[in-house]
Amino acid sequence: MSRKYNKVDTNIDLSLFNLKSNKDSEEVLVKKQAHKSISKIDVIEDIDNRSISIKQAIKILNQQWKLSGLRSRTIQTYNYNFNRFVEVTKVEYLSQINSQKIYDFLASLGDVKDSSLNGVLKQIKAVLSKCHDNGWYESRFWKNVKIKVNKTVKEAATEQEITLLLSLLDKSTYSGLRDSIAIIFLVKTGIRIKTLGEIREQNIDFDNQLLKLQGDIMKSHKPLFLPLSNDMCILLKKLITVNKKLRREHKQKNDHIFLSNTGVPISNTVSPSNLIAKNLWVYSKKWGLKNVNAHSLRRLFAQNLVKHGADINLVSHALAHSDLTTTSIYLGLNPNTVAKNLRDYI
């Protein structure tokens, strides 16, 4: 961004950058659509399952994943880890795979963290589960293959930390204004940082004050509707107005909400996650903020919902989690917390 445009005429009410909001903004609206099962490819339906080769299976699975809209990076990860498994265990047919083969492969990985080992195992299980869905396995024998991982409960950001950060950001600059709005947006919606980078103007329904997320930008691939407060809508409208000027100056054509200083969507920047995720890390180091990052903001959103009486199932849907176990981790429900809270019901 040029020095001339580095300063923006925001003319905006700074009180809008307050985490406190009206009651309506604390209610989560989740819209679920019936999951449409993917049509199975029947190119090998007449072949005895015992003779299905790994190469045949992988070819068909890749076709199905692509047709279902699975992200290319996810498909590459599935292929990479499963091919490593095949190479080490030297299996050629699906019928040769069993629990012992999986354990042998995991043992071959050597001295790696349990969490990393568990990640690889999940990838292999995902591939085998797809094979089961296609009718190539009668049972899910891999479900009994488990790795014990001691998970530490990560803390949520505090409202005090976020309030301090918002007060330190220079909202007269584009980056300061954008990041301030992004931070409040993350705290108030709980969306993932990657989803933030994909949000376009069409995802904001100002008339009904809703954030409408389609499945193609969601990790779960399922659509999700979330409420927006009146203050949040005002901030987003201001950012959209500033974005139009930014695009004109840098001759960019897009309708993304969160842009770089040169008008490029933050999802297209060089950072592995995105520009705002990188900036949060910089801010935390610069100002000595203990726990400010994209995940801690998401946890703060979840914990705030529970504080205001939201059911854990509703919170789980709002976070687009596939199961309640992950939601429990986000809520920081360690054994001591559970025991303390349950005491009121006995």
Report yes or no: do [X] and [Y] belong to one cluster of Ile/Leu/Val/Met/Phe/Trp/Tyr joined by side chain heavy-atom distances under 4.5 Å?
X	Y	answer
Tyr80	Leu117	no
Ile183	Trp281	no
Leu14	Ile181	yes

If only atom types and distance count, is the side chain of [X] paired as donor or acceptor with the main-chain N or O of [Y] below 3.5 Å?
X	Y	answer
Asp311	Val306	no
Lys188	Leu19	yes
Arg247	Lys253	no
His308	Asn304	yes
Lys125	Val145	yes
Thr89	Lys101	no
Asp205	Asp207	yes
Gln96	Glu92	yes
Thr74	Leu70	no
Lys171	Leu169	yes

[X] [atom1] to [Y] [atom2] distance, which is reported to the nearest 0.5 Å:
X	Y	atom1	atom2	result
Ile191	Glu198	CD1	CD	10.5 Å
Leu166	Leu168	CG	CG	9.0 Å
Ser260	Ile266	OG	CD1	9.0 Å
Leu121	Ser116	CG	OG	12.5 Å
Asn261	Thr173	CG	OG1	8.0 Å

4.5 Å side-chain heavy-atom contact, [X] and [Y]:
X	Y	answer
Val120	Phe105	yes
Lys194	Lys219	no
Trp136	Lys130	no
Leu196	Phe258	yes
Leu213	Thr195	yes
Phe85	Val127	no
Leu61	Cys131	yes
Leu228	Thr189	yes

If every non-hydrogen atom of Ala277 is compared with every non-hydrogen atom of Ile193, which pair is closest and at what distance?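 Closest pair (atom of Ala277, atom of Ile193, distance): CB-CG1, 3.8 Å.
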
Report the residues that fulfil side chain to side chain donor-acceptor pair (under 3.5 Å) with [X], sequence neighbours left out, ordered by chain and then residue number.
X	answer
Ser139	none
Ser316	Thr327
Gln160	none
Glu201	none

Among residues at least two apart in sequence or on other chains, which ones pass ring pair (Phe, Tyr, Trp, His ring centres under 6.0 Å) with Trp287? Tyr283

By side chain to side chain contact (heavy atoms under 4.5 Å, CB included), which residues pair with Lys290, not counting sequence neighbours? Glu155, Glu161

Apply side chain to side chain contact (heavy atoms under 4.5 Å, CB included) to the pair Thr163 and Phe17, showing each step before the final yes or no. CA-CA 8 Å; Thr163 299; Phe17 294 95; over 6 Å; no

Please work out which of the three classes, parallel, tilted or perpendicular, describes the rings of Tyr137 and Trp142, given edges at 30° and 60°. perpendicular

Do [X] and [Y] have side-chain atoms, one donor and one acceptor, less than 3.5 Å apart?
X	Y	value
Asn203	Gln214	yes
Ser15	Asp13	yes
Gln100	Asp104	yes
Arg84	Asn81	yes

From the options Val242, Leu235, Ile240, select the one residue that forms a side-chain contact (heavy atoms from CB on, under 4.5 Å) with Lys238. Val242

Is it the case that more than 12 heavy atoms not belonging to Glu138 sit under 6.0 Å from its CD atom?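 Counting neighbours around CD of Glu138, 12 or fewer heavy atoms of other residues, nucleotides or ligands fall under 6.0 Å, so no.
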
For Glu159, look at atom CD and say whether over 12 heavy atoms of other residues, nucleotides or ligands are found less than 6.0 Å away. yes

Do the charged groups of Asp216 and Lys222 touch, with an N to O distance under 4.0 Å?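 Not counted as a salt bridge, because no side-chain N and carboxylate O are separated by less than 4.0 Å.
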
